Amino acid sequence: MPEPTKNLPGVSVRDARPQDLSAVRGLVLTSVREDHGLDYNPIWHADLDRAEDCYLRDPRAALLVAEAGEGIIGCGGVRPFRRRGPEPVQRRYGLREDVGELVRVAVLPRFRQNGLARQVCARLVNGADHLGYGVLTLHTPAVTPRSAVPFWRALGAVQIHDDRQDGLVDPAVASIYFEIDVAVAKRQLTAGR
């Protein structure tokens with residue numbers, strides 16, 4: 001069911017539908033290119049190429065869209081942890097089934113700074129336990145023109161790994177990995193933090 005946004009009249013957040021997936025893909029890839037200075041990578045973005053299977057058909061996944069009269073203006077998703085990434089992150093979670101990934105959070109530039117990404121993330125966190133997740137992990141480029149690191153820290157995500165410390169990853173594509181404890185985050189959201 002669509003939920004109106006707090007700071008943007010006429011904008012609502014709802015579950016994605018098959019007809020939204022092309023717009024979601026375009027929005028995310030535009031953000032990757034413009035905000036992070038990176039290009040499409042068939043390995044990194046395979047979920048976008050198979051979004052219906054990855055998000056709409058998987059019972060442990062969710063994809064939300066923010067919609068205005070002009071169409072899809074934001075999105076975000078949760079999916080099962082894929083056991084990829086640097087060794088310390090893989091080791092941290094092992095074979096745990098209660099770990100999900102918070103992914104594909106993007107908002108068109110002219111709709112930013114209004115709490116929309118925060119609202120999408122809050123809905124995803126609030127629904128994570130219903131998908132079987134006690135922990136959500138996420139990663140974001142470490143150094144880019146519009147780094148999302150401050151956004152994740154402001155949401156209370158705890159840094160668990162920085163690729164730059166390994167010295168094994170090209171700094172241009174290094175990521176910082178975060179963790180969100182779902183129960184703690186839900187309490188903070190309820191308290192109005």
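Quick caveat, the model's predicted, so the values are computed rather than measured.
Applying the ring-ring contact (aromatic ring centres under 6.0 Å, His included) rule to pairs touching residues 74-132 yields F81-Y93, sequence neighbours excluded.
Taking a cutoff of 4.0 Å between a charged side-chain nitrogen and a carboxylate oxygen, R112 and D35 qualify as a salt bridge. A salt bridge between R187 and D181 is absent, with no side-chain N of the basic residue lying under 4.0 Å from a carboxylate O of the acidic one. Ion pairing between E52 and R25 fails under the 4.0 Å rule for side-chain N and carboxylate O. Note on R17 versus E67: no salt bridge recorded, every NZ/NE/NH1/NH2 to OD/OE distance being 4.0 Å or above. Here R82 does not pair with D47 in a salt bridge; the nearest charged N to carboxylate O distance is not below 4.0 Å. A salt bridge links R96 with D98: the distance from a Lys NZ or Arg NE/NH1/NH2 to an Asp or Glu carboxylate oxygen falls below 4.0 Å.
L136 CG to L131 CG: the interatomic distance, rounded to the nearest 0.5 Å, is 9.0 Å. To the nearest 0.5 Å, atoms SG (C121) and CG (N126) are separated by 11.0 Å. Rounding to the nearest 0.5 angstrom, the gap separating the CG atom in D15 from the CG atom in L64 is 5.5 Å. D58 contributes atom CG, which lies 11.5 Å from atom CG of L63 (distance to the nearest 0.5 angstrom). How far CD1 of I160 is from CD1 of I180: 10.5 Å, rounded to the nearest 0.5 Å. Between E97 atom CD and R60 atom CZ the span is 6.0 Å, to the nearest 0.5 Å.
Under a 3.5 Å cut-off, the side chain of R14 and the backbone N or O of V65 do not form any donor-acceptor pair. Looking only at distances, no side-chain donor or acceptor of R118 sits under 3.5 Å from a matching main-chain atom of L155.
Using a 4.5 Å heavy-atom cutoff, the side chains of H139 and L102 are not in contact. In this structure, the side chains of L29 and D39 stay at 4.5 Å or more apart for every pair of heavy atoms. The shortest distance between side-chain heavy atoms of W152 and T140 falls below 4.5 Å. Residues R104 and L48 have side chains in contact (heavy-atom distance under 4.5 Å, counting atoms from C-beta outward). Contact annotation: the side chain of Y55 approaches that of V103 to within less than 4.5 Å [non-hydrogen atoms, C-beta and beyond]. Annotation: side chain of C75 is not in contact with side chain of V120 (no heavy-atom distance under 4.5 Å). When side chains are defined from C-beta on, V11 counts as touching I73, because their heavy atoms get closer than 4.5 Å.
Every residue meeting the side-chain hydrogen bond (donor to acceptor under 3.5 Å, both in side chains) condition with E87, not counting sequence neighbours, appears here in chain and number order: R91.
Taking all atoms of both residues into account, the shortest heavy-atom contact from Y177 to G85 is OH-CA, 4.1 Å.
When the shell of 6.0 Å around CD of Q113 is examined, it contains 12 or fewer heavy atoms from other residues, nucleotides or ligands. More than 12 heavy atoms of other shown residues, nucleotides or ligands fall within 6.0 angstrom of atom NE2 in H161.
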